[in-house]
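Scroll down for the structure; my scribbles are underneath it.
Just so you know, these numbers use all the heavy atoms, side chains as well, and skip hydrogens, waters and symmetry mates. Lettering of chains follows the sequences in order, A, B, ..., and the numbering in each one begins at 1.
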Number of protein chains: 2
Amino acid sequence: MPGSRRRQVTLSDIAASCGVSRATVSLVLRQSPLVNAQTRSRVEAEFKRVGYVYNRAAASLRTRRSSSVALVVNDLSNPFFAEFAAGVDEALAGAGYVTLLGSTGESAERQQAVLLSLMEHDPAGVILSPAEGSDTLRVRQAIGMRAPVLVFNRELRDSGWDQLSLDNADGAHQATQHLLQWGHRRIAFFGGHAGSSSCRQRREGYAQALQGAGIEIEPQWLVETAPTRLEAAAQAGALFARERAPTAAVCYNDAVALGLMLGLQARGRVPGADFAVTGFDDIPEAALSVPPLTTLAADPRARGRQAAQLVLARIGGNAGSENAATQLQESLAAAPAHTVVPVRLIVRASTCAPARP
Amino acid sequence: MPGSRRRQVTLSDIAASCGVSRATVSLVLRQSPLVNAQTRSRVEAEFKRVGYVYNRAAASLRTRRSSSVALVVNDLSNPFFAEFAAGVDEALAGAGYVTLLGSTGESAERQQAVLLSLMEHDPAGVILSPAEGSDTLRVRQAIGMRAPVLVFNRELRDSGWDQLSLDNADGAHQATQHLLQWGHRRIAFFGGHAGSSSCRQRREGYAQALQGAGIEIEPQWLVETAPTRLEAAAQAGALFARERAPTAAVCYNDAVALGLMLGLQARGRVPGADFAVTGFDDIPEAALSVPPLTTLAADPRARGRQAAQLVLARIGGNAGSENAATQLQESLAAAPAHTVVPVRLIVRASTCAPARP
DNA sequence: CCGTGAATTTGGATCGGTCTAAATCGAAAC
DNA sequence: GTTTCGATTTAGACCGATCCAAATTCACGG
């Protein structure tokens, strides 16, 4: 019923109306065994009666223990990251932390602003999926030593922070291998910015697989595009500009692969019948495209949970030292860990034998 | 360089090393015109030198002005909500607020826990896309009068809060009309829980369109399913259980429509050729399915921005009264607004004329 | 009746900012 | 030379919690 106002009720109010001291109420709040059972229930009843809500900000001001974690993600509208974010939030909530969200829209500038703004809210940790073109130094400058950081998905060179990433090289290797087994010999690597670390790693795995098969890569097999469906569709033609055109393509990711398939169809080619395509990520659409896309699955939601676990480990890791400052020191001192998670090939109908001309 | 520790630098430290009082430093922080230009630049230099970062929690403890907004969403992995969240965050960040994320996984229980946890962080406002089966009273109990709320997408009866929703009835009406124009006379409404407000509204629009065409609805044309692809695919058969089977279906949403199309194909029917299907939401996959899905677009990112604007209006709305408590009072007192945004029909290839047997 | 120790409770400082009312300081005005 | 005034600065309380050391209470043994 809009109408009942008055300022919010605090621990002092409770103390007053229960006839005990603020300290006692505080002990009740924290489930201390010190307080008498009768007192406890009296106070707890009052909590309910007046609808008391805890002010965590005030508490962590005193304790110097924050209960939030910042999640900075480059593109929420990408289902891969949305799933990731859901996983992060799930695990953080389970551990009693709240998620501070920041999205950067893949802009290093916005990322900087977002980080600065988030740091003012004193997160206990940061999970960062860096925008393309992030500068390690600037990011460091924004975060300083104030919180442990987990870098996800892209590299941040020499940051000295923990990192969680997919086994990009191995994934691309698997995809290429798969195409080789179908009998392809002319295989392109399509899409992505060669500057980005994930693209570089995927290209490496691809190159290694071809090398292992004794195949030399033609320059025209390497096509760069923005990692979007649209750009990919537009660039499809580049594959067929010259002789020795490829019969298959390992794509940077699913978005690019879906775009390429559209582009192929526009040229009268039939992906999955006379041209083979693989993706990366296994976004939900991959299973529904025509033809369904052979791709590499990484289970982004599980990655999100994992990322959360990793920062939480840095944050709370050392149960031995209760002192928050010391804890931070120790955890920051431990050597940064680089966790690489395997990806698995999901074979669908977009891969096929090379067309016999 | 991990190694440089020491406790974080505070405003008092700055004051000390600049030889001014804490009050002055505080004035500098807040760009007050009171402070002398020389002093200001001296202090600002010190900020940079030592890498000072503002502690917003401490500040808002005193000012009673929070700079965060809670966003509670039922399913982040749904691209519709992911886009929505991105839009919310974009607009909030632009206004200097930070987003506290909470996802409920469509569970009223989790939603309650999430809300309680978020409220402890004292958000200035709440944007809530309620989980199915939310109980207005419990939600009210968690939030109380502590923050203005914007309810998105689903109704929360008698909550007295602002609401932003899609014009569900009109959308379904448009879709049904479109099918009628193709010549269909036996049109089903497929999917969704009839209990949910959005489903009810869509069914209403559908029913009205049919009524307008003088068509009576057969009970078997109304099929309930969970709003997921899988369930929808499994229930496809229900449409053809009896005589007077439909030749087209207005689906609850895109996920259901995509599922239904799969289910149809499994039965040897060809959606877009001998059975017409429409969706709702225009998720990215809708354009890529086979056949591409006729559906209703709502631009979720823009909705997110709009939702953010609406809470911000409640939060900051009254520039006249500087007193925060008074402001909250006034804004909560203003009559709740229900904003309904139009949706537009995107015609693709999943709709066709009825099959001539 | 008093000392003793365990069980409870508490006063008051503290976290890092902001706010209010009052102090300080030159310089212009009388 | 004192008063006055605008410009600047500041002391100290305060926001809502926690923490520490010390105080209080109470039952029990001597």
Over how many whole Å does the gap from B:Leu27 atom CG to C:dC19 atom P extend?
-> 9 Å
Is there a donor N/O on one and an acceptor N/O on the other, under 3.5 Å, for the side chain of A:Arg22 and the base of C:dG11?
-> no
Starting at CD of A:Glu120 and ending at P of C:dG17, how long is that distance when rounded to a whole Å?
-> 10 Å
Phosphate OP1/OP2 of D:dG16: any A:Tyr52 side-chain N/O under 4.0 Å = no
In terms of side-chain heavy atoms of A:Gln8, which of C:dT9, D:dT8, D:dG16 is nearest?
-> D:dG16
Classify the side chain of B:Arg30 versus the base of C:dT18 as yes if they form a donor-acceptor pair under 3.5 Å and no if they do not.
-> no
For atom NE2 of B:His121 and atom P of D:dA17, their distance in whole Å | 13 Å
Tell me which of A:Ala23 and A:Leu34 sits closer to the 5' end of DNA chain C, going by the nucleotide each one is nearest to.
-> A:Leu34
Would you indicate which nucleotide in D:dT18, D:dA17, D:dT10 comes nearest to any side-chain atom of B:Ser21?
-> D:dT10
Protein-nucleotide distance (B:Phe47, atom CZ; C:dG17, atom C1'), rounded to Å | 11 Å
May I ask you to say whether A:Glu109 pairs ionically with A:Arg138, meaning some side-chain N is under 4.0 Å from a carboxylate O?
-> yes
Between B:Arg42 and B:Leu61, the residue closer to the 5' end of DNA chain D by nearest nucleotide is B:Arg42
Please determine, by modelled atom types, if A:Ser21 and A:Thr24 share a side-chain donor-acceptor pair under 3.5 angstrom.
-> yes
With B:Leu101, the side-chain contact (heavy atoms from CB on, under 4.5 Å) member among A:Val88, A:Leu101, A:Leu100 = A:Leu101
Report yes or no: is there a donor-acceptor pair, N or O only, under 3.5 Å between the side chain of B:Arg62 and the base of D:dC14?
-> yes
So, A:Gln306 and A:Thr339: side-chain donor and acceptor under 3.5 Å apart, yes or no?
-> no
Indicate whether any N or O donor in one side chain lies under 3.5 Å from an N or O acceptor in the other, for B:Asp122 and B:Ser66.
-> no
Please check the phosphate of C:dC15 (OP1 and OP2 only) for any side-chain N or O of A:Thr63 closer than 4.0 Å.
-> no
Within this structure, what is the CZ-to-C1' distance between A:Arg56 and D:dC15, rounded to whole angstrom?
-> 18 Å
Where do B:Thr39 and B:Val28 land on the side-chain contact (heavy atoms from CB on, under 4.5 Å) test, with the steps shown first?
-> CA-CA 9 Å; B:Thr39 316; B:Val28 172; 5.5 Å; no
Ignoring backbone atoms, test whether B:Thr39 places a side-chain nitrogen or oxygen under 4.0 Å from the OP1 or OP2 oxygen of D:dT9.
-> yes
Which of these nucleotides, D:dT18, D:dT10, C:dT10, is closest to any side-chain atom of A:Tyr54?
-> D:dT18
Nearest whole angstrom, please: distance from the P of D:dC15 to the CG of A:Asn55.
-> 12 Å
Check every atom of C:dT18, C:dC15, D:dC19 against the side chain of A:Arg64 and return the nucleotide holding the closest atom.
-> C:dC15
Could you tell me whether B:Val20 contacts a base, only the sugar-phosphate backbone, or nothing, with contacts defined as non-hydrogen atoms closer than 4.0 Å?
-> sugar-phosphate
Atom pair distance, as rounded to whole Å: CG in A:Leu29 and P in D:dA17 = 7 Å
Using atom CZ of A:Arg65 as one end and atom C1' of D:dA17 as the other, report the distance to the nearest whole Å.
-> 13 Å
C:dT9 phosphate, OP1 or OP2: any side-chain N/O from A:Thr24 under 4.0 angstrom?
-> no
